[in-house]
Amino acid sequence: MAEEPSIPTDIPNPLAPEQSLKRPAEAPLEKAHPPQPIFDEDSATTKAEKVERHGPEVANGNIAAEDLFEESPAKRLKTAPASNEDTEAPKTDAREKVKGIALVKPEYLIDSFVRSAKSNDNQIDDDAAEGRPRDARDNNAGGKKKRKEKGQNKNREFGSWSDTIKLCNTVANYSEFSPKECQFGAKCRMSHDLREYLREGKSEDLTTFNGKCPVWEVNGKCHAGWKCRFVGSHSKEVEREDGRKELVLIENENLIEPQDGNDENRKGIFNIISTKDKLDLSRKRTVTEKADQYTKWMEADAAQMQKVYQARKENLADQREENRAQYIEPPFLPSEKRRIYFGPETPVLAPLTTQGNLPFRRMCVELGAQLTYSEMAMTLPLIQGQKSEWALMKAHESEISPPKYNPTSIVQNYDNSKDLKFGAQVSANKAWAALKAAEVMQRYIPHLRLIDLNCGCPIDLVYKSGAGSALLDSLSKLEKMVRGMNAVSGEVPITAKIRMGTMTAKPTAQKTIERLAFGGIETADRIGAPGCAAITLHGRSRQQRYTKNADWSYIAECSALIASYNKKKDEITDTVREPDARTLSNSADGKLYFIGNGDCYSHVQYLDSVQNAGVDSVMIARGALIKPWLFEEIEKGQYLDKSASERLGYVEKFVRYGLETWGSDEVGRDVPWPGQQGLPISAKTQV
């Protein structure tokens, strides 16, 4: 048996050291913390601990404790010194790096940025030259306050779509010697020198389309006048009898149609509201008598219903009877609506904000789209007469023609010759705004199939204002909007486009459909159904926005629900109390049309949705943006492989339609198109 080691008695106590641990006041900084007394390496306690932890070899000093543990490869690689071969200089771009500008290869740049010609290093210091001190109050003295530049690259200039020299409109559309009188006279800020404008202020003419103006070829005259980027094709210089040379615009009298005094009228364009009507709307001179009366009645009816909702439980029955006794009928009933039709042979082009513009819809109609919608318009700017919002209501003559009609069952009182393809979509957050917009739209837009209320827009700006998909959480307000719009819209039907709900885990579309089909608990018996003619369901929630796949199984469930509602309406209708046709939505039996929307990219998906999901038709959005000839595939029932020449032909066709719609001047040339936002038309046509 091994003899136990003797423990020495002269081990220092760390809790009571011989030297004080306090730093002397006069001690230097590097000696402020003397080394702490530690156990002797040769002490028995230390050796005992080492034997217990690492073994006798380490305790005797034969092997270092660090050698027992193998260093990880990652640590060795990290701590190993780099060799001369591995330490190469990082590759750098020869161009100068500027904050806020990505180093993109020049051949991939469409419009390269322009740096300011003035640099801070080259600026002359007037104060230093004159020998006077600087004063912060001298900056921009006597002028307007300079706007603070944002971003990292403050010297960047984004350019402008306008001409360098702005030409006055009194000169732009007239010959050189016979301009229109300018109402501003000598105070006009625009240029009246035509030759200076053509020489210095305007970009050179485009060579696209062989240098011929597509607007002039269709209309016989170009509405852009001298601002046209193809002005060389419809202008010339003539010599007068007095020897002077005059620049004149050429017109084709055989193509020019007579004007009715509205400068915005264009050949083949409908639903153009006059400038006078827009001014009346902006200055609140337009009377919306029906909307005001119905809004007043809805507010009074809501006040009566609040008494019922706030009544105590024991007094609820009495309060209901009192409310029925005090009930006031609506000021008027809705007009009988024009009958509409949705079927398998009528694929629908969805309302696409910033994408579903008039040129794109025109091209889709030529390729087989049977029903179209305008871009979503806001009701408040409409009733304020804003030009940009009313421009969304314009329709091409191809959209005024009736859709195809080959139904398997005859729709009562439906006249296909009076039907048309174009409908308008609006968004509202207040019932009174929706009613006013519906009344002025049916007054000023003669060619309108229906008015669709957007209840599915997921954009935060719309949602937080209480419009769009926010209406799905406020069914009472939604019912008021649809009921009121149906009352004041004349013969124009009212429809709604909804989503599954605001939250993915809590779909509420079935409750929304029931509310739009029958009305609320208190209003269904007293007033009847709200009068919604059709419902379009997008198979996504507001939370999903445009990601994930559309839930067509849920759309099929709602379609079966619609079918049961239509059957239920037949059962509850008796011969003694037959409903008034004016209170019904679409037909004599008041049946709802149901359209599905989401993830339709081929004719196979379209037919599968119609046959298996039970919808009347399918609304197509991104599928049409990807390939506009999808409607042609649906019509022919087969895939169509378009060649590169055919696809470029569609691009050229859209460019022509875009120039006819937006103008052939500098601004119209730079309008973006679906799928190529920001790409100038000149670049598109020269592909």
Side-chain angles (χ1 to χ4, degrees), residues 342 347-353 356 373 376 425-429 452-479 481-482 494-520 530 532-566 585 592-601 605-606 608-625:
F342 291 91
V348 186
L349 177 63
L352 302 166
T353 303
Y373 286 87
M376 184 184 71
Q425 189 186 65
V426 297
S427 176
N429 61 350
D452 185 75
L453 180 62
N454 184 294
C455 310
C457 182
I459 299 175
D460 292 339
L461 183 66
V462 177
Y463 175 78
K464 292 180 180 180
S465 69
S469 54
L471 294 175
L472 301 177
D473 293 333
S474 182
L475 297 183
S476 177
K477 182 167 69 172
L478 174 59
E479 181 189 349
M481 286 185 181
V482 174
I494 304 298
T495 63
K497 186 173 185 292
I498 66 174
R499 281 184 177 244
M500 293 171 51
T502 54
M503 304 299 294
T504 306
K506 298 180 180 179
T508 59
Q510 294 182 353
K511 292 183 179 179
T512 307
I513 292 172
E514 184 177 1
R515 193 69 176 257
L516 292 174
F518 296 106
C532 188
I535 297 176
T536 303
L537 175 60
H538 187 177
R540 292 182 177 89
S541 65
R542 190 255 170 185
Q543 186 181 12
Q544 289 176 304
R545 291 181 174 253
Y546 301 101
T547 61
K548 311 296 182 183
N549 293 329
D551 191 351
W552 274 93
S553 61
Y554 186 78
I555 295 177
E557 293 178 11
C558 295
S559 178
L561 196 64
I562 289 282
S564 67
Y565 287 162
N566 290 333
S585 56
L592 271 171
Y593 284 113
F594 187 61
I595 301 98
N597 174 224
D599 294 344
C600 183
Y601 302 107
Q605 291 175 318
Y606 179 88
D608 179 71
S609 301
V610 172
Q611 294 172 1
N612 298 327
V615 296
D616 294 307
S617 185
V618 178
M619 181 177 284
I620 303 171
R622 280 180 288 185
L625 293 175

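Counting begins at 1 with the first residue of the sequence.
Of the possible donor and acceptor atoms, one in the side chain of S541 sits under 3.5 Å from a partner among the backbone N and O of Q544. For S469 (side chain) and C455 (main-chain N/O), no donor-acceptor pair under 3.5 Å exists by modelled atom type. The closest donor-acceptor contact from the side chain of S559 to the backbone of I555 lies at 3.5 Å or more, if one exists at all. The main-chain N or O of N454 is never found under 3.5 Å from a side-chain atom of S427 such that the two would form a donor-acceptor pair. Remark: side-chain polar atoms of S474 are not paired, donor with acceptor, to backbone N or O of A470 under 3.5 angstrom.
Annotation: the span from I459 atom CD1 to M376 atom CE amounts to 6.0 Å, rounded to 0.5 Å. T504 contributes atom OG1, which lies 4.0 Å from atom CD of Q543 (distance to the nearest 0.5 angstrom). Taking CD of Q510 as the start and SG of C558 as the end, the distance is 5.0 Å to the nearest 0.5 Å. Taking OG1 from T512 and CG from L471, the interatomic distance works out to 10.0 Å, rounded to the nearest 0.5 Å. Between the OG atom of S476 and the CZ atom of R515 there is a distance of 5.5 Å, given to the nearest 0.5 Å. The CD1 atom of I562 sits 4.5 Å away from the CD1 atom of I535 when rounded to the nearest 0.5 Å.
Both cation-pi conditions hold for R542 and Y463: the charged atom is under 6.0 angstrom from the six-membered ring centre and inside a 45 degree cone around its axis. The cationic group of R499 lies under 6.0 Å from the six-membered ring centre of Y546 and within 45° of the ring axis, placing it in a cation-pi geometry.
The shortest heavy-atom contact between W552 and A613 is CE3-CB, 3.8 Å. Annotation for A509 and Y554: closest pair N-OH, 3.2 Å, computed over non-hydrogen atoms. Residues Y373 and A350 come closest through the heavy atom pair CB-C, 4.5 Å. When every heavy atom of L516 is checked against every heavy atom of P530, the shortest pair comes out as O-CD, 3.6 Å. Minimum heavy-atom separation, C532 to L592: O-CD2, 2.7 Å. The two atoms that bring T495 and A533 nearest to each other are CG2-CB, 4.2 Å, heavy atoms only.
With contacts defined as side-chain heavy-atom distances shorter than 4.5 Å, the pair L453/M481 qualifies. Looking at L472 and I498, their side chains come closer than 4.5 Å, going by heavy atoms from C-beta outward.
Using a 4.0 Å cut-off between charged side-chain N and carboxylate O, D599 and R540 make a salt bridge.
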Audit row: N597, K497, side chain to side chain contact (heavy atoms under 4.5 Å, CB included) steps and yes/no: CA-CA 9 Å; N597 174 224; K497 186 173 185 292; 3.4 Å; yes
